[in-house]
Amino acid sequence: QVQLVQSGGGLVQPGGSLRLSCVTSRRTFSMYAMGWYRQAPGKQRELVATLLRGGGVQYEDSVKGRFTISIDVAVNTMDLQMNSLKPEDTAVYYCHADPVQEGSPDYWGQGTQVTVSS
């Protein structure tokens with residue numbers, strides 16, 4: 001099975017930066033579609049960014065140019081660098097691993113709070 005352990009997050013002023021990290025089990029990036037989600041109060045959980053086959057990344061329109069995914073396969077980590085943060089970015093952020101092969105469960109990180117003060 002895959003374990004996803006998140007770190008980072010916290011309180012930041014508008015315009016500031018935060019970096020989230022997701023440490024995963026071995027071979028995660030070849031066996032699962034990895035991405036970041038977030039959920040704000042009263043809202044459905046939404047996709048923020050996801051790794052694409054071929055090495056690209058798909059970002060939600062509202063975070064394009066501000067958020068960047070990076071991976072380090074050697075240590076099984078996926079980071080989300082968040083710059084120019086806005087109050088509307090406030091949410092609980094989750095690392096996610098979706099199995100490519102049907103019949104296997106997906107996995108979620110424990111979630112980390114990102115709060116951008118007004």
Side-chain angles (χ1 to χ4, degrees):
Q1 67 177 29
V2 174
Q3 288 185 316
L4 308 176
V5 180
Q6 298 180 221
S7 62
L11 176 66
V12 66
Q13 297 182 64
S17 298
L18 286 172
R19 185 185 183 195
L20 307 181
S21 182
C22 177
V23 181
T24 75
S25 302
R26 294 180 180 179
R27 301 180 63 185
T28 303
F29 300 115
S30 63
M31 299 177 66
Y32 296 85
M34 299 293 300
W36 289 94
Y37 288 74
R38 67 185 180 186
Q39 186 168 22
K43 297 289 187 178
Q44 297 293 317
R45 190 171 298 184
E46 65 176 359
L47 180 67
V48 176
T50 185
L51 297 172
L52 302 174
R53 299 185 184 278
V57 182
Q58 178 68 53
Y59 295 97
E60 182 192 40
D61 287 342
S62 66
V63 309
K64 287 181 179 177
R66 301 188 297 119
F67 290 11
T68 304
I69 282 182
S70 63
I71 60 171
D72 189 336
V73 177
V75 293
N76 303 108
T77 60
M78 177 179 67
D79 290 351
L80 183 67
Q81 178 66 46
M82 304 182 292
N83 299 325
S84 302
L85 283 162
K86 305 174 180 179
E88 53 263 40
D89 295 318
T90 296
V92 178
Y93 284 71
Y94 297 90
C95 178
H96 182 245
D98 192 18
V100 173
Q101 186 170 9
E102 297 296 327
S104 298
D106 60 351
Y107 298 92
W108 294 93
Q110 78 276 19
T112 185
Q113 178 71 48
V114 172
T115 302
V116 185
S117 64
S118 60

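The model shown is predicted, which means the values in this text are computed figures rather than measured ones.
Under 4.0 Å is where a charged nitrogen must lie from a carboxylate oxygen, and between Asp61 and Lys64 at least one such pair does.
Summarising the geometry of Leu47 relative to Glu60, their closest heavy-atom pair is O-CB, 3.8 Å, with the distance given to 0.1 Å. Closest heavy-atom contact between Ser104 and Pro99: O-CG, 3.0 Å. Contact between Ser21 and Asp79 at its shortest, heavy atoms only, is OG-OD1, 3.0 Å.
Within a 6.0 Å sphere centred on CZ of Arg19, heavy atoms belonging to other residues, nucleotides or ligands number 12 at most. Counting non-hydrogen atoms of other residues, nucleotides and ligands closer than 6.0 Å to CD of Gln101 gives a total of 12 or fewer.
Under the 4.5 Å side-chain contact rule for hydrophobic residues, Val12 and Val63 share a cluster.
Applying ring pair (Phe, Tyr, Trp, His ring centres under 6.0 Å) to His96 and the options Tyr107, Trp36, Tyr37 leaves one that passes, Tyr37.
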Show me the donor-acceptor pairs, under 3.5 Å and distance only, between side chains in residues 111-118 and residues at least two apart or in other chains.
| from | atom 1 | to | atom 2 | distance (Å) |
| --- | --- | --- | --- | --- |
| Thr112 | OG1 | Gly8 | O | 2.9 |
| Gln113 | NE2 | Ala91 | O | 3.4 |
| Gln113 | NE2 | Thr115 | OG1 | 3.3 |

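Within the 3.5 Å criterion, the main-chain N or O of Asn76 finds a donor-acceptor partner in the side chain of Thr24.
Side-chain contact between Met78 and Cys95 is present, with heavy atoms from C-beta onward closer than 4.5 Å. Residues Arg66 and Met82 fail the side-chain proximity criterion, which asks for heavy atoms closer than 4.5 Å. A heavy-atom distance below 4.5 Å is found between the side chains of Phe67 and Leu85.
Rounding to the nearest 0.5 angstrom, the gap separating the CD atom in Gln6 from the OH atom in Tyr93 is 11.5 Å.
Listed by chain and number, the residues in a side chain to side chain contact (heavy atoms under 4.5 Å, CB included) with Val57 are Ala49, Leu51, Tyr59, Ile69 (sequence neighbours excluded). With sequence neighbours excluded, the residues forming a side chain to side chain contact (heavy atoms under 4.5 Å, CB included) with Val75 are Asp72, Thr77, listed by chain and number.
Using modelled atom types, one finds a donor on one side chain and an acceptor on the other under 3.5 Å when comparing Gln81 with Asn83.
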